[in-house]
Amino acid sequence: MKSLTLRDFDNLHKEKRYIYNNVLSFINSDRCYDGMVCVLYGLRRTGKTTIMEQIMTDNADKFSFLFLEATKKDTMDDVYSYLDKAVDDKVDCVFIDEITNIPDFIDNSALLADIYAKEGLKIILAGTDSLSFVFAESSSLYGRTENISSTYISFEEHCNVLGTKDMDDYISYGGLMKKGASEKDRIVHDFQSACRYLDDAVSGNISRSILCLSKYSNDTELSEVTLPEMRAVLEKMVEKYSGVLNTALANEELRKIVLSFPTDRQDFKALEGAEIFKRLRANKPDIVKEFAKAINADTQITHKWNEGMILRLENELIRLGFISATNNQEFIYDENFGWRSMSVHKEYYLIQPAIKYYHLKKALDFVETNEHYNSLSEVGKQYVMDKLDSKIRGDMTEQIVVYEISKALSSDRYFVCKVSFSNSDPNKEKGEYDMLIYDKAKNAYFAFEIKHTTTPYSKQYNHLLNENFKEIIDYKYGDKENVSVLYNGVPFDTSSGVLYLNISDFIREITRCGDPKQAIQKLSSDLPIRDLETEEKKSSDDNKGSINETSEYNDNDDIAFFGLNTGRKI
């Protein structure tokens, strides 16, 4: 056990995680006298240790602190020896970092709450092994923990802590924190660093959790899995939740590109109207069965994996805050019954943006070896890769916004979901709302299109004004309050009644006030009005034959593009 003092802490950046105040609130309270201890848990590199160091540095004039670092060689008796001395020395607060490293922590942690906390010692326990805390809370520390998770770092918090408003920065580097981090000093910045982080922070964490699972429950199957095998399976699960690239479909799309312009060209007139990146509606296979079959065919996997093992591993990723889900409301039109609403299903995906992004980028490596791709000019190749990268970022932006708004709004009052409209006749209309916010108290809704672009054009909001879609939404969710396009550009109003709002501004304002109507009213005050249809017609007349964003392909289908399924649906 290692004891650290303020002299050991330096170069602490001034910006603080939001949960800093949650931990400090516990220290400023008298909840310890009720036998309560604070538990700060989450993945590595999400700021737990930094928060504790910052609190010690900032509050040295108010409290006396003891900071302990636990190792696998320590026992709870070692901890209690330090705490005995802390009580004698009249220490106010004790931080115990990585306490889940201690082998007998789960069985012998009761005295932390029963004796030391009640004597007035404010104890903050920190660690990455969330399942150890779960078992400790269910036994030795039952009902006596105040839990604070550090794993999820929202876009809004990322912006505040790192001083940016850039969604692309969050996609490329977000989800992790590092003391003094700059754009050139990121924990995850490419596929290799993403894999290293998975090995270090996730695989080891899961493996330790599985050992706890087998010891404190009747579940022993996963405890027999070796760490290398666990790493291999987890890497494949992350790929699944990041997005599964269907190379057969992608190759077919590349073939269409070559047919569109088989010779070297100076421009991309032939690409106008081509469905090169048409998003393909994904089937909804039983992912768990499919995954079990795939990993059992892998020569690296020595144990026989069943669906139950995979679901338990999946639950651990959810418990860690590595995977989450959003609601998806589907409406289906049938000539015999008209529009019908289906039951809401969950769309699961990886919420650590940097990990997800570099796995998706890695999945595109095959393109560089494809014969059709290599038939293109160098300019053509760059165009293809830029478009693919833009679409990856576009789909991620949609998921990030929906998840952020779901977290920011009270679930008691608001229901946040994606909405899709499908038709039994493939030739008839279909589409989606990238996000719908339903106000249960007022029986009213807000509908949104989410675009990863700075360029507005009228086709972006056509489906938001579709009267057939509106009819079924009005029936299900009441009165329409507002329809908006969230994008990366400057906000304005349109002559069609659709607001264009900046994504960053919208997320930050709705996080601040927790009320979509209030946020929209503030952001839409005194906006200029533009007639996009007239602007586009004039631009088209002035630039006949040129490529512009108004010719972008229809992206109102399901959440897949170019054979890329970016979420797991059940």
Side-chain angles (χ1 to χ4, degrees), residues 11-20 42-51 54 128 149-203 205 235 238-239 241-243 317 320-324 349-365 385-386 388-404 407 450 452-454 488 502-505 507-508 511 566:
N11 298 321
L12 293 179
H13 57 278
K14 295 180 181 179
E15 297 81 6
K16 295 176 174 60
R17 288 287 316 270
Y18 290 175
I19 55 175
Y20 171 100
L43 291 177
R44 293 184 187 277
R45 303 296 180 89
T46 54
K48 297 185 300 297
T49 302
T50 299
I51 288 168
Q54 288 176 328
T128 58
S149 173
S150 67
T151 294
Y152 179 63
I153 301 172
S154 69
F155 169 68
E156 199 258 348
E157 182 173 9
H158 174 91
C159 291
N160 278 347
V161 173
L162 298 180
T164 180
K165 281 183 61 177
D166 189 353
M167 177 62 75
D168 281 340
D169 183 83
Y170 183 64
I171 289 172
S172 299
Y173 307 112
L176 302 168
M177 289 286 178
K178 186 177 181 179
K179 287 189 292 186
S182 66
E183 290 186 8
K184 297 180 180 179
D185 185 25
R186 306 287 187 157
I187 297 166
V188 171
H189 51 84
D190 56 18
F191 180 72
Q192 287 71 32
S193 58
C195 290
R196 284 196 300 270
Y197 180 79
L198 281 173
D199 280 350
D200 176 51
V202 183
S203 298
N205 191 317
E235 176 65 30
V238 168
E239 290 174 1
Y241 281 112
S242 295
L317 290 173
L320 280 172
F322 204 67
I323 290 173
S324 193
Y349 57 88
L350 199 68
I351 61 172
Q352 291 288 330
I355 304 290
K356 180 185 179 79
Y357 174 66
Y358 291 110
H359 274 76
L360 289 172
K361 288 277 285 184
K362 181 66 175 177
L364 298 178
D365 280 358
M385 297 308 290
D386 287 348
L388 285 172
D389 182 72
S390 179
K391 287 308 296 176
I392 288 173
R393 291 177 181 274
D395 278 2
M396 286 188 64
T397 298
E398 290 179 20
Q399 289 182 338
I400 288 167
V401 172
V402 174
Y403 186 70
E404 292 271 327
K407 296 276 286 185
I450 302 168
H452 178 264
T453 182
T454 58
N488 289 321
N502 180 270
I503 289 175
S504 299
D505 293 343
I507 291 176
R508 301 183 83 171
T511 300
T566 55

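Count residues from 1 along the sequence.
Residues T151 and I351 form no side-chain contact, since every pair of their non-hydrogen atoms from C-beta on lies 4.5 Å or further apart. A 4.5 Å side-chain heavy-atom check between T511 and E157 finds every atom pair outside the cut-off. Using a 4.5 Å cut-off on side-chain heavy atoms (C-beta onward), K48 and T128 make contact. Residues M167 and I507 meet the side-chain proximity criterion, which asks for heavy atoms closer than 4.5 Å. Taking the side chain as every heavy atom from C-beta outward, H359 and L350 never approach each other to under 4.5 Å. Residues L43 and Q352 have side chains in contact (heavy-atom distance under 4.5 Å, counting atoms from C-beta outward). Contact of the L198 side chain with the F322 side chain is registered, since non-hydrogen atoms from C-beta on lie closer than 4.5 Å.
Panel note: side chain K361, backbone F191; no donor-acceptor pair is recorded below 3.5 Å. Between the R17 side chain and the I153 main chain, no donor and acceptor come within less than 3.5 Å of each other.
Here the CG-CD1 distance, from D395 to I400, works out to 11.0 Å after rounding to the nearest 0.5 Å. From T397, atom OG1 reaches atom CD1 of I392 across 11.5 Å, with rounding to the nearest 0.5 Å. Atom-to-atom distance recorded for S324:OG and K407:NZ is 7.0 Å, nearest 0.5 angstrom. Here CZ of R45 is found 9.5 Å from OG1 of T50. Values are rounded to the nearest 0.5 Å.
In this structure Y358 satisfies the side-chain hydrogen bond (donor to acceptor under 3.5 Å, both in side chains) test with no other residue, sequence neighbours excluded. Partners of D168 according to the side-chain hydrogen bond (donor to acceptor under 3.5 Å, both in side chains) rule, which considers only residues two or more places apart in sequence or in another chain, are R393, H452. With sequence neighbours left out, Y20 forms a ring pair (Phe, Tyr, Trp, His ring centres under 6.0 Å) with no residue at all. Annotation: ring pair (Phe, Tyr, Trp, His ring centres under 6.0 Å) contacts of F155 (sequence neighbours excluded): Y170. Applying the side-chain hydrogen bond (donor to acceptor under 3.5 Å, both in side chains) criterion to N160, with sequence neighbours excluded, gives Y18, E156, R508. Shown here are the side-chain hydrogen bond (donor to acceptor under 3.5 Å, both in side chains) partners of S193, two or more places apart in sequence or in another chain: D190. Here Y152 pairs with Y403 under the ring pair (Phe, Tyr, Trp, His ring centres under 6.0 Å) rule; sequence neighbours left out.
The two residues S150 and T46 come nearest to each other via the heavy atoms OG-OG1, 2.7 Å. Residues T164 and C159 approach most closely at O-CB, 2.8 Å, considering heavy atoms. Among all heavy-atom pairs drawn from I355 and Y197, the shortest one is CD1-CD2, 3.7 Å.
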